[in-house]
There are 2 protein chains.
Amino acid sequence: MAQTGHRASADAASSAAEVGEAKTRILLAAERLFAEHGYSGASLRSIMAAAEVNTASIHYYFRHKEGLLRAIFEMRVAPMNEERQERLAAIEQQSGDGTPEVDAVLRAFIEPAIRRTRAQGGQAFNRISALCSVDPDPAVRQVVFDSYDTVSRHFTALLRKACPHLTDEEFYWRQHCIYGSMMYMRTDNGRVAYLLGDRGAGHSDTALQQLLVFLTAGMKAPGDGAVAGA
Amino acid sequence: MAQTGHRASADAASSAAEVGEAKTRILLAAERLFAEHGYSGASLRSIMAAAEVNTASIHYYFRHKEGLLRAIFEMRVAPMNEERQERLAAIEQQSGDGTPEVDAVLRAFIEPAIRRTRAQGGQAFNRISALCSVDPDPAVRQVVFDSYDTVSRHFTALLRKACPHLTDEEFYWRQHCIYGSMMYMRTDNGRVAYLLGDRGAGHSDTALQQLLVFLTAGMKAPGDGAVAGA
DNA sequence: GTCTATATGTGGATAGAC
DNA sequence: GTCTATCCACATATAGAC
């Protein structure tokens with residue numbers, strides 16, 4: 001009830017089921033509408049109507065539209081990134097100077113991003129994240145970059161160590177396949193799960209499983225150097 | 001010079017280097033700006049300014065913004081789809097009742113889409129196509145759907161025959177990886193090549209090569225049925 | 001066919017009363 | 001902190017003269 005002065009944090013979602021203070025209602029409504037129509041496609045007016053707040057409140061709490069988007073990202077990405085970092089660090093420590101397992105590195109990075117079915121906004125955010133990651137608007141790209149860059153670098157460095165059979169250029173392009181596959185999976189998965197609610201849980205598991213199998217095989221495939229080995 | 005009454009066709013790009021009649025200038029300017037800022041991010045005003053035409057001409061030639069987008073798609077996709085269909089049909093005929101090669105089917109579908117470096121608008125369109133394929137706007141999705149659906153179905157059917165080791169659900173999700181990888185590759189590839197001009201040709205070849213290696217490995221990876229074979 | 005001027009709608013953001 | 005009323009920029013689209 002109190003603490004409206006605090007910035008948007010991870011517990012915003014958990015307290016959502018309760019009475020719903022204005023700020024939380026705005027965040028959840030925005031998340032839903034951004035997922036449905038994209039960032040630029042969802043107007044502040046439609047968000048205000050869905051959240052049942054007045055015209056000025058969004059600017060009061062979030063300054064501007066971009067601030068609202070950023071708040072949503074901070075709310076959702078923080079716990080995801082924590083989990084990713086922990087798991088990546090564990091792999092790093094375990095493998096020492098050797099080459100880590102491709103499969104494990106991919107799973108550590110991807111699973112926390114895909115498996116977000118609880119707190120019903122989680123799946124909607126999957127779709128937002130996917131859409132924003134290819135949005136041409138520099139402001140949007142900046143939000144995405146700020147949210148993911150640190151962990152992504154960590155992931156990339158570790159995955160690179162796991163793929164000594166690839167040249168830098170080969171690795172570069174294959175990484176595109178990883179991000180693209182994740183991105184596409186999240187748009188659809190987000191849409192499906194949004195429509196199906198909790199019934200989408202089974203779908204989500206299969207999707208994750210197939211994604212990991214696919215990407216692992218793709219990264220392990222020999223480069224130009226090795227001809228038929230591996 | 002004449003034939004301004006004809007609808008936008010494949011030769012619009014080739015005659016672009018000439019004097020440049022208004023309609024062609026609009027098409028090329030729109031292609032460039034849609035690629036740069038996305039469909040909804042590029043205003044008709046900015047397009048008119050770039051094409052050096054007046055406010056009314058776009059509506060005169062294309063009725064509305066969506067008509068302009070559709071004209072661009074028709075101009076670029078028609079030849080691409082022809083090539084795809086030919087190559088898919090060739091594989092189909094060659095393999096008869098047997099199972100076609102995964103590698104060949106993927107290449108037939110993907111190569112015509114990625115290798116579009118000539119007619120400098122080709123790469124810009126790659127990016128437009130990628131962006132629009134995940135655009136939440138129903139009108140945009142309709143344009144994309146109308147352009148690609150027929151050939152996509154053909155491709156899917158043939159690829160399905162090439163993957164008897166997968167269940168329908170496994171196949172469904174792995175297809176997401178294909179479309180996602182293509183999509184992401186095309187956004188970047190389109191951006192890079194747009195900035196680099198013809199110097200991006202080498203990049204384009206490597207990108208295509210790695211994409212095919214990656215996707216082939218991913219699709220060939222055994223499903224749940226087969227455990228360690230292949 | 002080509003242009004200028006403008007209609008009409010909607011967006012984000014603010015001022016200022018309560 | 002909360003609300004109403006409004007500003008202003010910019011979008012698509014059209015009317016109608018030349």
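The figures here come from the full heavy-atom set of this structure, side chains too, leaving out hydrogens, waters and symmetry mates.
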Check the distance between [N]'s [atom2] and [X]'s [atom1] and give it to me in whole angstrom.
X     : N      : atom1 : atom2 : value
A:M48 : D:dT2  : CE    : P     : 15 Å
B:L69 : D:dT12 : CG    : P     : 13 Å
A:E21 : D:dG1  : CD    : P     : 10 Å
A:E52 : D:dT4  : CD    : P     : 13 Å
B:H37 : D:dA11 : NE2   : P     : 12 Å

message: For a quick test of reading the model: is some side-chain N or O of B:Y60 closer than 4.0 Å to OP1 or OP2 of C:dG1?
response: yes
- prompt: Is any side-chain nitrogen or oxygen of B:Y61 closer than 4.0 Å to OP1 or OP2 of C:dG1?
  reply: no
message: With side chain to side chain donor-acceptor pair (under 3.5 Å) as the rule and sequence neighbours excluded, what pairs involving residues 130-145 of chain A come up?
response: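 For residues 130-145 of chain A, and leaving out neighbouring residues, the side chain to side chain donor-acceptor pair (under 3.5 Å) pairs sorted by first residue read A:Q142-A:D146.
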message: Per the side chain to side chain donor-acceptor pair (under 3.5 Å) rule, what does the pair list look like for residues 207-216 of chain B, sequence neighbours excluded?
response: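 Residue pairs passing side chain to side chain donor-acceptor pair (under 3.5 Å), neighbours aside: A:R174-B:Q210.
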- request: Would you please name every residue forming a salt bridge (Lys or Arg N to Asp or Glu O under 4.0 Å) with B:E52, sequence neighbours left out?
  value: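 Result, salt bridge (Lys or Arg N to Asp or Glu O under 4.0 Å) vs B:E52: none returned.
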message: Under 3.5 Å, is there a donor on one side chain and an acceptor on the other for A:Y148 and A:S129?
response: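 Per modelled atom types, A:Y148 and A:S129 side chains form a pair under 3.5 Å.
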message: Among residues at least two apart in sequence or on other chains, which ones pass side chain to side chain contact (heavy atoms under 4.5 Å, CB included) with B:T150?
response: B:Q85
message: Suppose we screen for side chain to side chain contact (heavy atoms under 4.5 Å, CB included). Which residues come up paired with A:D149, at least two apart in sequence or across chains?
response: A:F145, A:R153
task: Give the B/S/- string for nucleotides 4-17 of chain C, one per nucleotide from 5' to 3', where a protein heavy atom under 4.0 Å of the base yields B, of only the sugar-phosphate yields S, and otherwise -.
output: BB-----BBBBB--
